[in-house]
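Quick one: the structure is below, questions incoming.
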Amino acid sequence: MNRLLRYQISIAFVPLLLILPVHAAQAPSGSTAVLAVLETSDLHSNVVGYDYYKLAPDASIGFDRTATLIRQARKEFANTLLLDNGDTIQGTAFADYQALVKPPSCEQVLGIYKIMNALGYEGGTMGNHEFNYGLPFLNQITGSSFKVKDVAPQAKPCAGPNFPIVLANIHSLQTNQPLFAPYKIIDKKIVATGKDGKRVESTVKVGIIGFTPPEIMAWDKRWLEGRVKPVDIKASAERYIPEMRKKGAELVVVLGHSGLDDAAYSPKMEHTNWHLAKVPGVDVVLMGHSHQLFPNKDSSVPQFNLPGVDKVRGLVHGVPAVMPSQWGKHLGVVQLHLKSDGKRWTVEKDKTVVEARSTQTAPKTFVEPDPEVTALVRAEHEATIAYVKTPVGRSAFRMTTYFADVGDPSALEVVNRAQAEYVSKYVQANLPQYAKLPVLSVTAPFKAGFPTVADYTDVPAGDLALNNAADLYLFPNSLYAVKVDGAGLKAWLETAAGRFNTIDPAKTEAQELVNSRFPSFNFDTITSRDVSYEIDVTRAPGDRIRKLSYQGKPVEAKQEFLVATNNYRASGGGDFPGLDGSNVVLASPDNNRDILIDYIRSAKELSRKAQGAARSWRFAQVKTAGPVVFHSAPDLVGLAQEAGIDNVSQLKADDGSGKGTALYAVDLSK
């Protein structure tokens with residue numbers, strides 16, 4: 001009998017044990033114990049170390065390796081509490097296959113939850129991406145009974161995770177109650193050491209409470225509007241945590257699917273954990289959403305360099321906090337040293353240890369994956385690979401985002417062409433009032449080397465399959481079209497130009513071109529032969545767009561356009577001015593990736609001239625005293641030149657970042 005099966009069987013007997021009239025007594029005064037709170041977050045359905053876009057193993061990612069860290073921690077600590085902080089069910093072709101192509105039946109457990117059940121997770125919360133596939137799907141795969149519009153009532157809940165999911169700040173409009181239980185108090189059995197050094201069995205009551213960003217109402221408006229509503233996160237914490245304490249919680253763990261922000265608190269804040277750590281009664285804050293590593297003494301991320309944040313020890317206002325980056329790369333570990341007064345357990349705060357343990361043990365070396373975990377989802381994994389190999393067309397050129405930050409449109413234009421064509425045809429057939437307006441399209445380089453050199457879109461010339469389309473368009477967004485005027489279009493592009501740092505032409509030392517705090521997925525780019533503009537990076541953000549023209553004429557402030565984009569952007573995602581959902585003229589039921597696939601099938605073969613060479617923007621020319629540098633995969637100057645980018649040069653094949661990237665320079669005078 002394998003280890004995971006034994007574990008599942010032991011869990012199955014837990015309810016029988018709990019009904020017996022046996023209760024672990026409170027440990028005698030002076031007893032001590034260590035409880036290690038283990039956190040995963042932002043797994044994004046990377047269940048195994050495999051890149052479905054490249055159809056190749058990737059040892060740097062994967063829940064199968066995180067499982068090995070979990071197993072190691074359980075050997076090290078007598079007492080562990082394993083929790084997940086959301087963004088769990090979405091993010092890979094594996095996830096899309098299970099959600100969109102072959103969803104599990106009511107009796108089947110979603111692949112990633114199957115693993116979590118086998119590993120014995122004891123609680124979790126919802127991230128923002130849990131809502132990407134809609135409430136009916138979420139209701140089914142979490143084994144819930146949502147009372148919300150458009151979710152059909154079921155005779156009994158479907159199969160789901162064997163652990164409680166908590167979420168305090170999203171309420172059903174139908175009931176005005178939380179969609180999930182706002183909190184749960186777990187009777188955690190632990191092994192302690194008495195004052196006499198002998199083993200003592202006891203129970204500590206651990207309360208867990210969860211929160212997700214209120215922006216889900218904009219990001220997934222099509223699924224959530226009229227069905228659920230966000231409520232104030234801080235107010236919810238201040239309401240429920242005293243209630244949890246009153247019901248006996250000795251420890252309170254916040255599962256906050258967000259990062260840190262020290263701005264004045266607002267109910268609409270995306271990152272609330274800095275404020276939640278101040279709420280009385282909080283013992284631990286588990287963080288996520290930002291895909292960062294905390295604690296990390298070397299971090300230059302602004303949110304970890306705020307007042308009250310100790311990025312070395314992993315404390316926020318003295319409260320232990322951890323963020324285990326993304327995709328299963330790390331496991332958060334908070335070692336809580338507990339002491340009993342004979343009545344309850346309390347935390348000896350000065351002994352707390354916080355760390356984020358990596359699956360990487362040395363350069364290019366990682367812990368071994370857990371083979372039993374891999375076996376649990378082998379069928380789904382193999383089905384996903386077969387699915388993404390489905391052919392859709394051909395490309396005569398290589399489409400990449402290695403040089404998207406300096407103007408290469410090769411991986412962007414085909415997306416923009418597909419979106420613009422879709423909107424144009426729809427408008428002509430169904431929206432005659434907009435038939436005379438020019439149709440533009442924007443997209444962004446979703447993959448631009450953020451975590452490692454492997455995180456770039458790279459579609460080779462040759463046959464194109466579904467996995468290539470997923471590489472070109474990463475997210476399961478729906479296509480939306482908005483009406484904007486010339487002033488709004490310029491403001492849109494100004495916001496996107498925040499991707500770049502402000503360059504001082506007089507500086508002789510090297511200056512970084514790209515603002516690493518500005519996500520590449522917000523760098524919206526037009527690739528149209530009808531549009532041209534310049535980005536002047538020597539000017540401050542908000543004043544960079546120059547010579548914006550349409551068909552050779554300056555764009556007028558009141559000139560009207562239709563712009564194809566996605567539901568995230570059109571509904572306010574990224575805080576672009578004028579984009580709040582009020583100017584949407586088309587909310588398509590079709591997602592952007594399917595529209596791209598249909599376009600490729602129709603075109604049959606893509607060429608650089610027709611689908612990969614339209615470059616609408618360039619940097620305003622300026623002579624700089626020192627080099628302007630950026631980072632990308634090494635030894636690809638030739639690829640840049642093929643794309644018409646002739647002003648870049650490689651300075652170092654290894655930039656020293658540890659990501660595998662090279663250091664390049666861009667000559668802004670050309």
Check whether the side chains of His289 and Asp42 place a donor and an acceptor atom closer than 3.5 Å, and report yes or no.
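On atom types as modelled, these side chains do not qualify, holding no pair under 3.5 Å.
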Would you say the ring centers of Phe475 and Tyr568 fall short of 6.0 Å from each other?
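No.
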Any carboxylate oxygen within less than 4.0 angstrom of a Lys/Arg side-chain nitrogen, looking at Glu642 and Arg398?
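Salt bridge absent between Glu642 and Arg398.
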Quick one: do Asp455 and Lys659 make a salt bridge, cutoff under 4.0 Å?
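Looking at Lys659 together with Asp455, the answer is no, because their closest N to O distance does not fall below 4.0 Å.
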With a 3.5 Å cut-off and no angle check, do the side chains of Asp458 and Tyr402 form a donor-acceptor pair?
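Yes, because at least one side-chain N or O of Asp458 sits under 3.5 Å from a partner of the opposite role on Tyr402.
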Please confirm whether Phe521 and Phe446 have ring centers closer than 6.0 angstrom.
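No: the rings miss the under 6.0 Å criterion.
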Check whether any side-chain heavy atom of Thr359 sits under 4.5 Å from a side-chain heavy atom of Leu69, and report yes or no.
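In contact.
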Salt bridge check: are Lys447 and Asp471 linked by an N-O gap of less than 4.0 Å?
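Salt bridge between Lys447 and Asp471, a charged N being under 4.0 Å from a carboxylate O: yes.
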I'd like to check the side chain to side chain donor-acceptor pair (under 3.5 Å) partners of Tyr480; sequence neighbours left out, ordered by chain and number.
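In terms of side chain to side chain donor-acceptor pair (under 3.5 Å), with neighbours along the sequence ignored, Tyr480 is linked to no residue.
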Cut-off 3.5 Å, side chains only: do Thr443 and Gln419 have a donor facing an acceptor?
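Distance-only check fails for Thr443 and Gln419.
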Donor + acceptor pair across side chains of Ser478, Asn567 (<3.5 Å):
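No donor-acceptor contact under 3.5 Å links the two side chains.
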Any carboxylate oxygen within less than 4.0 angstrom of a Lys/Arg side-chain nitrogen, looking at Glu421 and Lys425?
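The answer is yes: the pair qualifies as a salt bridge.
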Side chain to side chain donor-acceptor pair (under 3.5 Å) involving Asp635 - partner list, sequence neighbours excluded:
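In terms of side chain to side chain donor-acceptor pair (under 3.5 Å), with neighbours along the sequence ignored, Asp635 is linked to Gln650.
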Could you check whether the rings of Tyr50 and His381 sit parallel, tilted or perpendicular, using 30° and 60° as the cut-offs?
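Ring orientation, 0 to 90° scale: perpendicular.
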Flag side-chain contact, heavy atom, 4.5 Å: Thr88 against His44:
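Side chain of Thr88 against side chain of His44, heavy atoms only: no contact under 4.5 Å found.
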Between Phe523 and Phe518 (judged by ring centroids, cut-off 6.0 Å), do the two rings come close enough to count as a pair?
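No.
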Do the ring planes of Tyr426 and Tyr422 sit parallel (below 30°), tilted (30 to 60°) or perpendicular (above 60°)?
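The rings of Tyr426 and Tyr422 lie parallel, inter-plane angle below 30°.
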Report the C-alpha distance between Asp96 and Arg593 in whole Å, list the side-chain angles of each, state the deciding distance to 0.1 Å, and finish with yes or no for salt bridge (charged side-chain N to carboxylate O under 4.0 Å, His left out).
CA-CA 11 Å; Asp96 286 346; Arg593 191 185 300 161; 2.4 Å; yes
Assign the ring pair Trp617 / Phe500 to parallel, tilted or perpendicular, where the plane angle (0 to 90°) is split at 30° and 60°.
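Because their plane-to-plane angle lies in the 30° to 60° range, the rings of Trp617 and Phe500 count as tilted.
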Would you call Glu215-Lys221 a salt bridge at under 4.0 Å N-O?
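Answer for the salt bridge query: no.
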Applying salt bridge (charged side-chain N to carboxylate O under 4.0 Å, His left out) to Glu380 and Lys102, what does each step give before you reach the verdict?
CA-CA 10 Å; Glu380 294 94 329; Lys102 192 177 180 182; over 6 Å; no
Atom CG of Leu474 and atom OH of Tyr53: how far apart are they, to the nearest 0.5 Å?
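Those atoms lie 4.5 Å apart.
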